[in-house]
There are 2 protein chains.
Amino acid sequence: MRKDSRLSRMLHVLVHLHQLQQAVTSDQLALMLHTNPVVVRRTMSLLREQGYVSAVKGHGGGWTLAKPLHQITLLDIHRSLSESSLFTIGLTDEHNNCPIEKAVNLAIDDVLQEAQALVLQRFGEVTLDKLAAGYTPR
Amino acid sequence: MRKDSRLSRMLHVLVHLHQLQQAVTSDQLALMLHTNPVVVRRTMSLLREQGYVSAVKGHGGGWTLAKPLHQITLLDIHRSLSESSLFTIGLTDEHNNCPIEKAVNLAIDDVLQEAQALVLQRFGEVTLDKLAAGYTPR
DNA sequence: GTTTTATGTAACTTATGATGTTTCGTAAGG
DNA sequence: CCTTACGAAACATCATAAGTTACATAAAAC
């Protein structure tokens, strides 16, 4: 399945914004990400709505951080971007009265819920300043 | 994103095959899953290749279990169906020399690897006879 | 041996959501 | 006013599970 690479891309952008310490345009970010400025605006605007970056129009405008990196976690960005599930596995919901389907879905969902809780917890533990400093795995 | 519901569907089918104790045709399974017999054959054939079910042509033919439920785990079926990642999150791989991208991908991948290991371990712990008996979460 | 019932499989269409693209509107600085 | 920037609508593209059509093949029933 097609992957959602927005989290990876946005983290990349945020750390660069921190290091550059100046407004960066969507065109510049698009070059950096090998994509289109409209894609940048579309995705960055989700972060703007949550107060992690701000945008300024006109000459000298562009994107800047609205919060220091140590106040932003991977979880913050993940939540800003996606409302949908973390997993490519889906459950069926076609037979509301079949106890087997219920048991199957319960078993799968039980595992996925546990895994999702783990991911969200770990994401919440990583602030973006750790990425700027050169992240080392646990 | 579109979900892959094949695991849920196939587990559902396998438990039913166990309970019916007789060959079931793709048409019957398709009715059960609210889908098409060709979709059933396509997915079931992946399980056949791994030796979990067998198919017989002609009158009285259809699908039967090739192993007892207690010798099949969720992990077995999961592995038979998908080679792709469990997660909708993808990493970017566009800037091989950017240390920030490396740190970002490392941080994300670190978490996803841990979560994937958890999912696979849990899937490996659940045999299908537990689903037939009415699964209760941990 | 012909018919019926099955699976096996190729080829094509559909649905979904991130991604990519074009185009126009709008605000801010020079 | 002209250029530079974001904002946003509208549409195309891509990948993949799912759905569909069509036909070949094998096995049992008659």
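What's counted below: heavy atoms across the whole structure, side chains too, no hydrogens, waters or symmetry copies. Chain naming here is simple, since letters A, B, ... match the order of the sequence lines and numbering starts at 1 in each.
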Expected list for residues 58-72 of chain B: side-chain donor-acceptor pairs under 3.5 angstrom, two or more places apart:
residue, atom, partner, partner atom, Å
Trp63(B), NE1, Ser26(B), OG, 2.8
Thr64(B), OG1, Ser54(B), OG, 3.3

Side-chain donor-acceptor pairs of residues 14-23 of chain B under 3.5 Å, sequence neighbours excluded:
residue, atom, partner, partner atom, Å
His16(B), NE2, His12(B), NE2, 3.1
Gln21(B), NE2, His18(B), O, 3.4

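Between Ser5(A) and the phosphate of dT19(C), there is a side-chain N or O to OP1/OP2 separation shorter than 4.0 Å. A close approach under 4.0 Å does occur between a side-chain nitrogen or oxygen of Thr35(B) and OP1 or OP2 of dG19(D).
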Q: Could you go through the side chain to side chain contact (heavy atoms under 4.5 Å, CB included) check for Val39(B) and Leu33(B) one step at a time?
A: CA-CA 10 Å; Val39(B) 173; Leu33(B) 296 178; over 6 Å; no
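Protein atom NE2 of His34(A) is 11 Å distant from nucleotide atom P of dG20(C), rounded to whole Å. Atom CG in Leu91(B) sits about 12 Å away from atom P in dT19(C), given to the nearest Å. Leu29(B) has its CG atom 12 Å from the P atom of dA6(C), to the nearest Å. Straight-line distance from the CG atom of Asp4(B) to the P atom of dA15(D): 18 Å, rounded to whole Å. If you take NZ of Lys3(B) and C1' of dG17(C), they are 12 Å apart, rounded to a whole angstrom. Nucleotide dG17(C) holds its C1' atom 15 Å from the CD1 atom of Ile89(B), rounded to whole Å.
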Q: Give the B/S/- string for nucleotides 5-11 of chain D, one per nucleotide from 5' to 3', where a protein heavy atom under 4.0 Å of the base yields B, of only the sugar-phosphate yields S, and otherwise -.
A: SBBBBB-
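Remark: Gln50(B) pairs with Tyr52(B), Ser80(B) by the side-chain contact (heavy atoms from CB on, under 4.5 Å) rule, at least two apart or across chains. Here Val56(A) pairs with nothing under the side-chain contact (heavy atoms from CB on, under 4.5 Å) rule; sequence neighbours left out. In terms of the side chain to side chain donor-acceptor pair (under 3.5 Å) criterion, Thr43(B) has no residue partners (sequence neighbours excluded).
Counting only heavy atoms from C-beta on, Asn36(B) has its side chain closest to dT21(D) among dT21(D), dA18(C), dG20(C).
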